[in-house]
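In what follows, a structure is listed as structure tokens, so that the remarks can point back to it.
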2 protein chains.
Amino acid sequence: MTDYPVQLKLEHQLCFALYACSREMTKLYRPFLDELGLTYTQYVTLLVLWEQDNVSVKQLGEELLLDSGTLTPLLKKLEATGLITRARDAKDERSVLVQLTEQGRALQVRATDIPEKVFCQTGLSLEEGSRLREKLQQLVREMQET
Amino acid sequence: MTDYPVQLKLEHQLCFALYACSREMTKLYRPFLDELGLTYTQYVTLLVLWEQDNVSVKQLGEELLLDSGTLTPLLKKLEATGLITRARDAKDERSVLVQLTEQGRALQVRATDIPEKVFCQTGLSLEEGSRLREKLQQLVREMQET
DNA sequence: TGCAATTGAATTGCATACAATCTTTATACA
DNA sequence: TGTATAAAGATTGTATGCAATTCAATTGCA
């Protein structure tokens with residue numbers, strides 16, 4: 001199999017490196033998020049809400065690159081656990097506004113140290129981490145244009 | 001909200017950049033894989049098998065960083081569509097060996113050009129793509145050690 | 001050698017992702 | 001001003017991911 005096309009080798013795939021790396025990174029978060037009773041997707045949703053409260057499902061979807069098929073059930077779970085409320089926007093009944101509860105806002109304090117703890121396990125310098133993140137953000141923007 | 005802790009901003013998260021980038025990359029593959037009737041995970045599984053046929057579920061899991069909970073149903077689907085066969089290893093009845101069918105092997109030809117077509121949409125130079133992939137592979141290795 | 005511990009898959013249960021479709025509300029414009 | 005179109009969520013269906021558990025086969029070692 002020495003003449004196997006090099007462009008099909010798994011080791012040669014940027015897509016797989018991304019896919020594997022993303023999942024491994026999520027695994028590093030899991031023990032910390034377990035303590036807060038959150039999944040990774042719930043966590044990033046809260047990151048958005050902690051920055052800007054009272055946003056629509058549409059806005060959340062634009063920030064997180066997720067659609068209502070993913071967000072609706074996830075938000076219902078966060079509502080059921082008492083971290084957020086969901087309510088139709090009086091100004092536009094098509095929209096649903098998501099708001100943190102007291103409890104949801106309080107959780108932010110317990111999350112503050114998680115990114116740093118995880119980052120320490122990556123073996124990256126701050127400089128390398130930033131460069132890599134910027135490169136990935138640039139790549140996301142490029143892929144969304146196509 | 002100007003005093004919001006910078007380390008919790010979504011834009012500052014390497015984990016989210018990876019998560020978003022991985023999903024966007026998979027979206028670029030989708031139209032091409034649809035033509036072959038494959039999902040992304042089925043595709044990377046076949047990448048492994050095209051390189052080395054007749055491997056165990058355990059070996060597949062080690063290459064793809066997936067466990068039997070994900071692989072077993074996926075492999076059953078590939079078997080149902082006639083691309084692979086699954087059989088207990090006579091030398092160790094605990095293992096299941098996965099083998100390509102004629103049809104499964106034939107599909108490789110139609111997949112050969114996909115990585116290049118997708119890569120063109122990333123806007124990366126070959127040099128940048130390789131560097132990024134190597135950085136991600138190194139990061140995966142580092143995260144697996146912890 | 002006999003049996004406890006380990007290993008490899010499969011199964012179960014839960015939480016995403018995402019395409020496709022449906023429902024409700026808002027908007028545009030003939 | 002009706003009405004066609006568009007927009008925002010919700011729903012449905014399919015396919016992962018992964019933890020936890022179960023089951024069968026193998027291995028290690030007292």
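Proteins get letters first, then strands, A, B, ... in listed order; numbering begins at 1 in each.
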Under 4.0 Å protein heavy-atom contacts per nucleotide of nucleotides 6-14 of chain C, with B for base, S for backbone only and - for none: -BSBBB---
Do B:Gln144 and B:Leu65 come within less than 4.5 Å of each other through their side chains, counting heavy atoms only? yes
Using atom [atom1] of [X] as one end and atom [atom2] of [N] as the other, report the distance to the nearest whole Å.
X: A:Leu66; N: C:dA19; atom1: CG; atom2: P; value: 11 Å
X: B:Tyr19; N: C:dA17; atom1: OH; atom2: C1'; value: 8 Å
X: B:Arg23; N: C:dA19; atom1: CZ; atom2: C1'; value: 15 Å
X: A:Glu62; N: D:dA8; atom1: CD; atom2: C1'; value: 11 Å
X: A:Glu79; N: D:dG9; atom1: CD; atom2: C1'; value: 14 Å
X: A:Met25; N: D:dC18; atom1: CE; atom2: C1'; value: 18 Å
X: A:Asp34; N: D:dA20; atom1: CG; atom2: C1'; value: 13 Å
X: A:Leu38; N: C:dT16; atom1: CG; atom2: C1'; value: 14 Å

Just wondering, are more than 12 heavy atoms of other shown residues or ligands nearer than 6.0 Å to CD in A:Glu62? yes
Just wondering, are more than 12 heavy atoms of other shown residues or ligands nearer than 6.0 Å to CD in B:Glu11? no
Starting at OG1 of B:Thr39, measure out to CG of B:Leu78 and round the result to the nearest 0.5 Å. 7.5 Å
Using purine N1 to pyrimidine N3 plus N6-O4 or O6-N4 for Watson-Crick, or N1-O2 and O6-N3 for G-U wobble, both under 3.5 Å, which nucleotide pairs with D:dC29? C:dG2
Any donor-acceptor pair under 3.5 Å linking the side-chain atoms of A:Thr45 with those of A:Gln42? no
Against the side chain of B:Thr39, the closest entry in D:dG17, C:dA15, D:dA15 is D:dA15
Quick one: is D:dG17 close enough that its OP1 or OP2 comes under 4.0 Å of any side-chain N or O from B:Thr41? yes
Between B:Arg23 and B:Tyr19, is NZ or CZ placed under 6.0 angstrom from the six-membered ring centre and within 45° of the ring axis? yes
Quick one: side-chain hydrogen bond (donor to acceptor under 3.5 Å, both in side chains) partners of B:Glu134, sequence neighbours excluded? none
